[in-house]
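Values in this document were obtained by computation on a predicted structure and should not be read as measured data. Start at 1 with the first residue, then count along the sequence.
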Amino acid sequence: MAEYRDTSKVVNEALGVTLALKLRLDTDYHTVVWRQKRPSNTNRRFYFEQGHFWSMPADAALKMMVEAQANGLFADEYWRWPGKSIDPRDSAKMSPERAQELFRETLSRGSEDAEWWDCRDLRIVACREPWEKRWLKAMIVCPSGNRLTFRSFTRENDYENKYTTFRFSKGWMLDRSMMDADGRICQIMMERLKEAFRG
């Protein structure tokens, strides 16, 4: 399992949620991670527990991201791929048919994602990492319901820390760990989240 060292972080004490910039020691690159404490006070690292995927209030997430940006967590000096283009796919900027394709890539077909499928203003922003494009980072938000989640997907068959029980289209598999992402990807998601609230 990868080991990390904290560099700086933003904490929402009321929710027990942390957004942190960490140095990943095994690969020597920086990554931005979301974590939430469990009632036992241990750090929640897994998306799915007790029949539910992790989510949080969308307005609280945006406030944390804006603070993180101001504190330099998304600064280009920490970007993993400086100079590389990261082009987001945004369901709000797609045809309805293409948006549905993106929904199927990032939402499971089971009842555990019913709240997202039922959201009337669902918006998903997904960014492929620029190396081999085998990792996908997604932000899923329902502005009217003020709920948001982040997910990390892979097509690496030999990656062990993934769920095998949930089904997504185009071969994507959900990483079991809470999302970590490059600062540029987080910056893109923050800007699209602002747009979602502006309507």
(message) Looking at Glu77, I'd like to know if its CD atom is crowded, meaning that more than 12 non-hydrogen atoms belonging to other residues, nucleotides or ligands lie closer than 6.0 Å.
(response) yes
(message) Can you give me the closest heavy-atom contact between Arg192 and Asp90, atom names plus distance?
(response) NH1-OD2, 2.9 Å
Would you mind writing out the side-chain donor-acceptor pairs for residues 99-109 within the sub-3.5 Å range, not counting sequence neighbours?
{"unit_1": "Glu105", "atom_1": "OE1", "unit_2": "Arg89", "atom_2": "NH2", "d": "2.9"}
{"unit_1": "Glu105", "atom_1": "OE1", "unit_2": "Trp172", "atom_2": "NE1", "d": "3.1"}
{"unit_1": "Glu105", "atom_1": "OE2", "unit_2": "Arg89", "atom_2": "NH1", "d": "2.9"}
{"unit_1": "Glu105", "atom_1": "OE2", "unit_2": "Lys170", "atom_2": "NZ", "d": "3.4"}
{"unit_1": "Thr106", "atom_1": "OG1", "unit_2": "Leu102", "atom_2": "O", "d": "2.9"}
{"unit_1": "Ser108", "atom_1": "OG", "unit_2": "Glu112", "atom_2": "OE2", "d": "2.6"}
{"unit_1": "Ser108", "atom_1": "OG", "unit_2": "Asp113", "atom_2": "OD2", "d": "3.2"}

(request) Output the distance between atom NZ (Lys93) and atom CZ (Arg98), rounded to the nearest 0.5 Å. (result) 13.0 Å
(message) For a quick check under 3.5 Å, do Lys22 and Thr31 share a side-chain donor-acceptor pair by atom type?
(response) no
(message) Quick check on the hydrophobic clustering: are Met178 and Trp116 connected, directly or via other members, by side-chain heavy-atom contacts under 4.5 Å?
(response) no
(request) Inspect the contact between Lys162 and Asp175 and indicate whether a charged nitrogen and a carboxylate oxygen are less than 4.0 angstrom apart. (result) no
(message) With clusters defined by side-chain heavy atoms of hydrophobic residues (ILVMFWY) lying less than 4.5 Å apart, directly or transitively, does Met189 cluster with Phe197?
(response) yes
(message) Nearest 0.5 Å, please: how far is CG in Asp121 from SG in Cys142?
(response) 5.0 Å
(request) Please confirm whether the backbone N or O of Phe74 pairs with a side-chain atom of Trp79, one donor and one acceptor, at under 3.5 Å? (result) yes
(request) Would you give the length of the straight line joining atom OH of Tyr29 to atom CZ of Arg80, rounded to the nearest 0.5 angstrom? (result) 3.5 Å
(request) Kindly give the heavy-atom pair with the smallest separation between Met56 and Ala61, and that separation in Å. (result) CE-N, 3.7 Å
(message) Test your reading of the model: is there a side-chain donor-acceptor pair from Thr18 to the backbone of Val11, 3.5 Å cut-off?
(response) no
(request) Output the distance between atom CZ (Arg128) and atom CZ (Arg155), rounded to the nearest 0.5 Å. (result) 4.5 Å
(request) Check whether Leu174 and Leu148 end up in the same hydrophobic cluster, where Ile, Leu, Val, Met, Phe, Trp and Tyr are linked by side-chain heavy atoms less than 4.5 Å apart. (result) yes
(request) List in chain and number order the residues that pass ring pair (Phe, Tyr, Trp, His ring centres under 6.0 Å) with Phe168, two or more places apart in sequence or in another chain; answer none if no residue qualifies. (result) Phe153
(message) Run the side chain to side chain donor-acceptor pair (under 3.5 Å) test against Ser169 and tell me which residues pass, sequence neighbours left out.
(response) none
(request) Mind listing the closest non-hydrogen atom pair of Tyr47 and Met179 along with its distance? (result) OH-N, 2.9 Å
(message) If hydrophobic clusters are built by linking Ile, Leu, Val, Met, Phe, Trp and Tyr wherever their side-chain heavy atoms come under 4.5 Å apart, do Ile188 and Ile140 end up in the same one?
(response) no
(message) I want to check something: taking the side chain as every heavy atom from C-beta on, are Glu156 and Trp135 in contact at a cut-off of under 4.5 Å?
(response) yes
(message) Membership question, hydrophobic clusters at under 4.5 Å side-chain separation (ILVMFWY): are Ile86 and Leu21 in the same one?
(response) yes
(message) Using 30° and 60° as the class boundaries, would you call the ring planes of Phe48 and Tyr163 parallel, tilted or perpendicular?
(response) perpendicular
(message) For the residue pair Arg147 / Ser55, report whether a side-chain donor-acceptor contact shorter than 3.5 Å exists.
(response) yes
(request) Indicate yes or no: at least one non-hydrogen side-chain atom of Leu62 is less than 4.5 angstrom from one of Lys194. (result) yes
(message) Quick check: do Met173 and Thr164 have side-chain heavy atoms less than 4.5 Å from each other?
(response) no
(message) Please report the interatomic distance CD(Glu13) to NZ(Lys37), rounded to the nearest 0.5 Å.
(response) 9.0 Å
(request) Using a strict 4.0 Å threshold on nitrogen-to-oxygen distance, state whether Asp76 and Arg184 make a salt bridge. (result) no
(request) For residues His30 and Arg24, determine if any side-chain heavy atom of one lies less than 4.5 Å from a side-chain heavy atom of the other. (result) no
(message) A side-chain contact here means heavy atoms from C-beta on lying under 4.5 Å apart; do Arg123 and Glu195 qualify?
(response) yes
(message) Which heavy atom of Leu15 sits nearest to which heavy atom of Asn12, and what is that distance?
(response) N-OD1, 2.9 Å
(request) Any chance you could lay out the side chain to side chain contact (heavy atoms under 4.5 Å, CB included) test for Arg151 and Leu136, step after step, and finish with the verdict? (result) CA-CA 8 Å; Arg151 294 181 180 175; Leu136 180 72; over 6 Å; no
(message) Once rounded to the nearest 0.5 Å, what's the spacing between atom CG of Leu73 and atom CG of Leu19?
(response) 6.0 Å
